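Notes for the one structure printed next.
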There are 2 protein chains.
Amino acid sequence: MITVQPSASREDYLKAIYVLEDEGQGPVSTNALSERVQAKPASVSGMLKQLAEGGWVDHTAYRGVSLTAAGRGIAVDVIRRHRLWEVFLVDRLGFGWDEVHDLAEQLEHVEHAELMNRLDAFLGHPAFDPHGDPIPRSDGTVVDPRRLITADALLPGQSAVVKGVVDSSDGFLRHLDALGIGLGTAFEVSEWHGFDGSATIAGKGLWTAAVLRNLYVEING
Amino acid sequence: MITVQPSASREDYLKAIYVLEDEGQGPVSTNALSERVQAKPASVSGMLKQLAEGGWVDHTAYRGVSLTAAGRGIAVDVIRRHRLWEVFLVDRLGFGWDEVHDLAEQLEHVEHAELMNRLDAFLGHPAFDPHGDPIPRSDGTVVDPRRLITADALLPGQSAVVKGVVDSSDGFLRHLDALGIGLGTAFEVSEWHGFDGSATIAGKGLWTAAVLRNLYVEING
DNA sequence: TTCATTTTTTAGGCAGGACTAAAAATAAAT
DNA sequence: ATTTATTTTTAGTCCTGCCTAAAAAATGAA
């Protein structure tokens with residue numbers, strides 16, 4: 001089989017492997033991948049064979065999979081496309097940050113050499129997407145100079161600004177909307193409640209542990 | 001087979017049938033369709049069976065195919081999506097009118113209920129695409145109040161404005177660019193040359209018959 | 001009407017990408 | 001160490017869209 005261009009489906013797999021490789025360490029298991037791409041492990045096995053033949057991944061049977069340089073390049077580009085589209089959808093079309101994921105999943109597979117560079121310029125070369133994730137540059141580098149921690153690591157009296165989310169599921173994002181929390185929201189921890197991990201936030205009431213550990217923040221100063 | 005949602009491929013077929021039905025009159029032949037969608041007649045036959053089963057077309061063997069109301073609705077919507085994306089690509093991203101067709105072919109198949117309405121609003125509810133073709137409304141109506149004729153029907157001394165093109169192939173569009181002709185170009189026919197159908201255009205030199213019969217214009221006044 | 005030509009359909013395949021069921025390899029537990 | 005449980009892979013199907021080759025229907029000419 002001579003496959004020159006990864007199909008949409010293959011791009012999805014490469015992206016998924018990239019993310020999972022980033023989260024955990026070491027090669028990615030077939031099971032984890034199957035969960036991520038919403039396919040049965042058997043289907044994943046088949047796809048991995050293709051990806052290995054295409055030179056996009058290294059795969060040893062029963063030992064997990066990892067990206068080659070070529071595969072990583074494609075994965076990063078797919079992520080770049082995804083995040084640029086998200087910026088467009090939220091900043092220009094006025095979608096909520098909880099509404100754009102599925103749409104961007106479709107748009108990211110549109111094939112065109114020049115399109116993303118033009119969209120990037122049109123959007124003003126944004127560095128981060130609507131969820132606070134860094135947007136890879138066209139040369140494949142991913143730059144994120146921020147020093148982010150999760151909000152559950154803040155000390156009482158510290159103030160911080162929300163810069164991203166750990167969990168970017170629709171449900172969590174809508175919950176944040178309901179609480180009035182978004183990117184750029186500044187706050188100060190008044191008091192921790194050790195019993196359930198929640199904290200009182202100055203002027204904003206109580207935030208639960210589940211919320212706090214899913215917020216990426218930058219400490220003020 | 002129970003098919004609720006037309007696939008990208010089926011949408012392409014419905015769009016092609018719509019266009020061909022518009023051009024010629026009466027049902028569309030398998031051959032004409034096969035040419036249009038770049039597939040063999042045998043493949044078209046198979047697809048027509050599917051489309052008929054889905055209730056999108058009426059198809060009698062050897063008698064050609066025509067759209068049902070449902071099929072026409074989808075075809076018009078695909079065209080709407082295609083043309084709105086073209087406006088975006090040309091007006092906002094700065095692509096040339098000869099560069100956007102293939103890209104719009106991909107974008108038109110992105111499935112999302114709200115997307116096109118938002119894009120439409122973002123673009124200021126444009127009535128025409130970069131080639132001068134009318135953009136269907138979201139209710140499925142196609143409104144074009146213009147009285148367009150092709151430029152080869154102008155009389156000497158008449159002045160007119162270019163409003164569209166009959167042939168929107170890349171090659172013709174680039175040729176128009178080279179001649180300095182675009183939508184909105186105003187001109188006046190000085191003299192016809194019966195021998196080859198060309199005409200002298202006041203201040204703009206000679207335009208050939210091939211150019212003139214592929215320009216839609218509105219007469220001034 | 002009959003023959004030749006064109007158009008369309010049927011029949012049989014192939015590739016991609018998913019599935020289920022079953023086998024094989026690894027990991028865990030006794 | 002041997003059995004048990006889990007993970008992963010193989011084997012065999014299916015569906016979608018395309019293909020080619022061949023058969024059948026329609027059309028046009030003689």
Side-chain angles (χ1 to χ4, degrees), chain A residues 1-17 20-21 24 26-66 71 74-75 78 105-106 108-109 111, chain B residues 1-17 20-21 24 26-66 71 74-75 78 105-106 108-109 111:
Chain A
M1 185 203 340
I2 298 149
T3 315
V4 175
Q5 196 75 0
S7 65
S9 184
R10 282 190 273 250
E11 287 186 344
D12 283 335
Y13 274 84
L14 293 173
K15 187 175 67 159
I17 296 167
L20 292 173
E21 242 182 348
V28 174
S29 79
T30 299
N31 251 14
L33 192 47
S34 91
E35 165 116 6
R36 180 104 196 170
V37 301
Q38 292 290 307
K40 302 294 174 196
S43 309
V44 172
S45 263
M47 180 60 84
L48 289 184
K49 197 154 61 170
Q50 284 185 37
L51 294 177
E53 277 170 23
W56 293 302
V57 302
D58 291 319
H59 182 225
T60 319
Y62 298 99
R63 284 283 118 101
V65 68
S66 56
I74 289 168
V78 174
E105 289 276 303
Q106 295 184 61
E108 76 190 11
H109 296 301
E111 276 299 324
Chain B
M1 185 204 335
I2 298 150
T3 314
V4 177
Q5 196 75 1
S7 65
S9 186
R10 283 190 271 252
E11 286 187 344
D12 283 335
Y13 274 83
L14 293 173
K15 187 175 66 158
I17 296 167
L20 292 173
E21 243 182 350
V28 173
S29 79
T30 299
N31 253 15
L33 192 48
S34 91
E35 166 117 8
R36 181 103 196 170
V37 301
Q38 291 291 302
K40 302 295 173 199
S43 309
V44 172
S45 262
M47 180 59 85
L48 290 184
K49 198 154 63 169
Q50 286 184 35
L51 294 177
E53 278 171 22
W56 294 302
V57 302
D58 291 320
H59 181 228
T60 320
Y62 296 98
R63 286 284 116 104
V65 67
S66 57
I74 288 168
V78 174
E105 289 277 302
Q106 294 184 60
E108 75 190 10
H109 296 300
E111 277 298 325

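In the text below, chain A, chain B and the rest are named by the order of the sequence lines, each starting its count at 1. Everything quoted here is computed from the prediction, not taken from an experiment.
- The nearest whole Å value for the distance from the OH atom in A:Tyr13 to the P atom in C:dG16 is 14 Å.
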- [ ] Apply side chain to side chain contact (heavy atoms under 4.5 Å, CB included) to B:Ile17 and B:Leu20, showing your working.
- [x] CA-CA 5 Å; B:Ile17 296 167; B:Leu20 292 173; 5.9 Å; no

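- A:Thr30 comes within 4.0 angstrom of the backbone, heavy atoms only, and of no base.
- Between B:Asn31 and the phosphate of C:dT6, there is no side-chain N or O to OP1/OP2 separation shorter than 4.0 Å.
- Between A:Ser7 and the phosphate of C:dG16, there is no side-chain N or O to OP1/OP2 separation shorter than 4.0 Å.
- Between the CE atom of B:Met47 and the P atom of C:dT9 there is a distance of 14 Å, given to the nearest Å.
- Side chain of A:Ser34 to backbone of A:Asn31: a donor-acceptor contact under 3.5 angstrom is found.
- Nearest to the side-chain atoms of B:Ser45 among the listed nucleotides D:dC18, C:dT10, D:dT10 stands C:dT10.
- Looking at the side chain of A:Ser43, the nearest of the listed nucleotides C:dT8, D:dT8, C:dA18 is C:dA18.
- The separation between A:Lys49 atom NZ and D:dT9 atom P is 10 Å, rounded to whole Å.
- Distances shown here put every side-chain N or O of B:Ser9 at or beyond 4.0 Å from the OP1 or OP2 atom of D:dT16.
- Heavy-atom neighbours of B:Glu111 CD from other residues, nucleotides or ligands within 6.0 Å: above the threshold of 12.
- The listed nucleotides are C:dT8, C:dA24, C:dA18; the one nearest the side chain of B:Tyr62 is C:dT8.
- Distance B:Leu51 CG to D:dT16 P: 12 Å, rounded to the nearest Å.
- A distance-only check finds no donor-acceptor pair linking the side chain of B:Thr60 to the backbone of B:Arg63 [under 3.5 Å].
- Spacing between atom CD of A:Glu11 and atom C1' of C:dG16 amounts to 15 Å, rounded to whole angstrom units.
- Residue B:Pro41 places its side chain closer to C:dT8 than to any other of D:dC18, C:dT8, D:dT9.
- Here the closest heavy-atom approach between residue A:Met47 and residue A:Ser9 is recorded as CE-OG, 3.5 Å.
- Checking the phosphate oxygens (OP1, OP2) of D:dT8, no side-chain nitrogen or oxygen of A:His59 falls inside 4.0 Å.
- What separates CG of B:Asp12 from P of D:dG17 is a distance of 10 Å, to the nearest Å.
- Contact annotation: B:Arg63 reaches the phosphate of D:dT27 (side-chain N/O to OP1 or OP2, under 4.0 Å).
- One finds a side-chain N or O of B:Gln50 lying less than 4.0 angstrom from the OP1 or OP2 phosphate oxygen of D:dG17.
- With D:dC18, C:dT10, D:dT7 as the candidates, the nucleotide lying closest to the side chain of B:Ala42 is C:dT10.
- Per the geometry, NZ belonging to A:Lys40 stands 16 Å off C1' belonging to C:dA22, to the nearest Å.
- If you measure from atom CD of B:Glu53 to atom P of D:dG17, you get 12 Å, rounded to the nearest angstrom.
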